Amino acid sequence: MKTEVRERKDNIIYLFLFFLMSFVTVLPFLHYGKIFAVSDWSFHASRVEQIYRNLKEGQFFTFIATSTFNHSGVGSFLFYPTVFIYPWAFFRLVMQPVSAFYCWYFLVTFGSFVVSYYCMKRYSKDSQMSFIFSLIYILNNYRLYLGHAVFGEFIATGILPIVFLGFYETFFDQNNKYGWVLLAVGMALITYSHLVSLIIIIEIFTIILFASCFIGRININFIYKWKQISASIGLWFLLSLPLIYLFITNYIGKNISAASFGVNPALVPSLALLVSNSFKGIDNYGSPQLPYGIGLILILTLFLGWYKAKKNKKDLYIYLLGALLLLVATNLFPWNLLKLSPFGIIQLPIRYLSYSCLFLSVIASEIIHSILKKTRLSWILSTCLLVLVGVSLFSLSESKYISLVRSNPVSLLSKKSTLTPLPPSYIDNRNYEDQFNYTVVYGETDYFPKAAQKYANNIVNQIGYVNGERKRISVNDNEPNKLFIRLKLNKRGNSILPIVAYRSTIISINGKNQYLSESKQGMVYLPHLRKGINDITVGFNPGIVFYALIIISITTWLVLLLGVICKKVRNDVIE
């Protein structure tokens, strides 16, 4: 009983410390009240801004861009998950823009700490080791780098511990009957955050299982395990139904383009550069030189962790996974030969660092925990020491970035729409709205129909065609998920609008619904327009099936939650 009481106290204290550490990660930036907008920032900020504006108008769902992305109607919201950026948009309703972002960052960081802690605790059965793991993993250089602009992958890193714990319990823990549920939940949450991460996870799963068959580490009743994995896939499917439905109906077979396919060797760091960057903070942010690193503790674990890991086969496999994935992220792996292979879908091999950091953090936490046990420090002293290490990790990684935000003045941005990409900018509450007057640096035309890519400049410039003649067509956004155009024709005819078309795009002309006609340019085509004024509405309607699938998905989540509560109550009664 004393052990259980002590464990609960430890949990409460560690959760409080996670809260404080999460606050530490945003405090300097809240103090200076600025954001350094670079890399993918403008893509994600534009998506959040669109969701926020729709929420203000009372519309919860956002399907297409109407007031951001130059009123192009692009459906990045359909194919790049938005679930986890909704809190940011909700914060925008009640806070200044800069505060809203940093509150969202705080929320994601705190949630990631908590998830990492409980997943490691379930794996190791040791609270202190789990605390150490969470600090090292969540505060590694690469993850902190992601948190400034690469938000899909940033969110996914906080969910990876669930995924790999579920995978381990499903395939390698013979005493666990419910790992498949955890695996399905983790994969669903990844689906809600970053689809490229989902692909990488499946790659790693495949490699682990393939290798395990050869080294004889899987002792599985295959019929039983494949029943579990089938159930896990089925549960993932139910939890992810709305996203899967939109993806299938509007992406698969619809010739929609995503981010460019293939690996650019110039963006793959050398091992020497990665090691060098790991001994210093995030440097050269926004410059051509790659700022990637994994941090001091993890790079030392890479070189020294072998001596600890080789004593235990399970630790050895975890260490090797971490080391190999780090090498895959560098130019030691033959990316120049595989850049256009199916592996090219990941675009940036550096993404493997998230997984390398996860596995190396397991080994690092075991090493540090064993050192603390040998020193026989009191729990209070060791905990204070660990918190100091965590603060030091953050300070070392972010010192140069904090200096940039502190020392650079707020950027002077255009007050009017301009078709130049947003330059690296320092943004505060005064010029926050001005950033949306620029095109998005990376992702402005991602998720256009492939046919529309050739005419992307026309779409962004709101250039369409009326009776075959090239013409600027003003596109306005008066309602969420709807674009409005008023066309005046001197005679009956047709028009190609500078708005991208999807399967679920809907058209209304002068108050009458029309069937969608897609032009060869991948844009909305109106074949029959009357002479005079034509009031046109272009919107997006996913159909009643989408909303029905949301109900099914939410019901499945609620049933899972109810099952967890009932299991907890039953165990408490038995005890």
Side-chain angles (χ1 to χ4, degrees), residues 1-28 30 105-144 147 157-158 160-162 164-165 278 281 294-301 304-305 308-309 312 315 318-319 322 357-399 402:
M1 177 63 91
K2 288 183 179 179
T3 303
E4 184 178 340
V5 172
R6 176 57 188 272
E7 188 174 306
R8 287 180 179 176
K9 287 183 179 179
D10 288 352
N11 289 343
I12 293 172
I13 292 172
Y14 286 141
L15 290 177
F16 176 70
L17 292 175
F18 288 143
F19 184 90
L20 289 181
M21 287 300 304
S22 301
F23 185 66
V24 166
T25 63
V26 298
L27 182 59
L30 280 172
Y105 184 101
F106 167 87
L107 184 66
V108 173
T109 300
F110 178 67
S112 300
F113 270 129
V114 173
V115 166
S116 300
Y117 173 75
Y118 278 106
C119 286
M120 186 60 176
K121 187 173 179 181
R122 181 159 163 165
Y123 172 79
S124 68
K125 309 297 188 293
D126 190 290
S127 297
Q128 188 179 63
M129 187 187 300
S130 303
F131 182 64
I132 298 168
F133 167 79
S134 301
L135 290 178
I136 296 171
Y137 175 58
I138 299 304
L139 298 176
N140 75 74
N141 270 28
Y142 182 65
R143 185 182 176 280
L144 291 173
T157 57
L160 293 184
I162 301 177
F164 284 94
L165 177 63
S278 296
I294 61 174
L296 178 61
I297 290 180
L298 291 183
I299 206 67
L300 290 175
T301 303
L304 304 175
K308 166 68 175 175
N312 179 288
D315 288 345
I318 292 172
Y319 169 80
C357 289
L358 176 70
F359 296 124
L360 290 177
S361 293
V362 175
I363 304 303
S365 64
E366 291 183 351
I367 294 172
I368 294 173
H369 182 60
S370 64
I371 292 173
L372 289 175
K373 285 177 68 176
K374 289 178 181 178
T375 58
R376 298 185 179 181
L377 292 175
S378 67
W379 183 88
I380 294 177
L381 187 57
S382 60
T383 300
C384 290
L385 181 62
L386 290 171
V387 170
L388 181 61
V389 169
V391 173
S392 299
L393 285 175
F394 170 76
S395 299
L396 178 63
S397 297
E398 296 280 54
S399 59
I402 293 171

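All of these numbers come straight from a predicted model, not from anything done at the bench. Only heavy atoms go into these numbers, but all of them, side chains included; no hydrogens, no water, no symmetry mates.
- More than 12 non-hydrogen atoms from other residues, nucleotides or ligands lie less than 6.0 angstrom from OH of Y118.
- For the pair L144 and L139, the tightest heavy-atom approach, listed with the atom from each and the gap, is CD1-O, 3.5 Å.
- The main-chain N or O of F133 is never found under 3.5 Å from a side-chain atom of S361 such that the two would form a donor-acceptor pair.
- Put simply, NZ on K125 and CE on M120 are 10.5 Å apart, with the number rounded to the nearest 0.5 Å.
- Summarising the geometry, atom CD1 belonging to I299 is positioned 10.5 Å from atom CG belonging to L304; distances are rounded to the nearest 0.5 Å.
- L386 places none of its side-chain heavy atoms less than 4.5 Å from the side chain of L17.
- Nearest heavy atoms, T109 versus R143: CA-NH2, 4.1 Å.
- For the pair N140 and L360, the minimum side-chain heavy-atom distance is 4.5 Å or more.
- For the pair E366 and Y319, the minimum side-chain heavy-atom distance is 4.5 Å or more.
- Atom-to-atom distance recorded for T301:OG1 and I294:CD1 is 8.0 Å, nearest 0.5 angstrom.
- Taking the side chain as every heavy atom from C-beta outward, I138 and M21 never approach each other to under 4.5 Å.
- Listed here is the closest heavy atom pair of P28 and F394: CG-CE2, 4.4 Å.
- Checked options I136, L135, I297; the residue passing with V389 is I297 (criterion: side chain to side chain contact (heavy atoms under 4.5 Å, CB included)).
- Listed here is the closest heavy atom pair of S116 and S112: OG-O, 2.8 Å.
- Looking at heavy atoms from C-beta onward, S127 lies in side-chain contact with E7 at the 4.5 angstrom threshold.
- For the atom pair S278 OG and L300 CG, the distance stands at 9.5 Å (nearest 0.5 Å).
- In this structure, the side chains of L388 and C384 stay at 4.5 Å or more apart for every pair of heavy atoms.
- The shortest non-hydrogen separation linking Y117 to F18 is CB-CE1, 3.5 Å.
- Distance OG/S382 to NE2/H369: 9.5 Å, rounded to 0.5 Å.
- A donor-acceptor contact shorter than 3.5 Å links the side chain of S365 to the backbone of V362.
- With rounding to the nearest 0.5 angstrom, the CD1 atom of I363 is 8.5 Å from the NZ atom of K308.
- Taking all atoms of both residues into account, the shortest heavy-atom contact from Y105 to T25 is CE2-OG1, 3.7 Å.
- Using a 4.5 Å cut-off on side-chain heavy atoms (C-beta onward), Y137 and T157 make contact.
- The ring of F131 has its center no closer than 6.0 angstrom to the ring center of F113.
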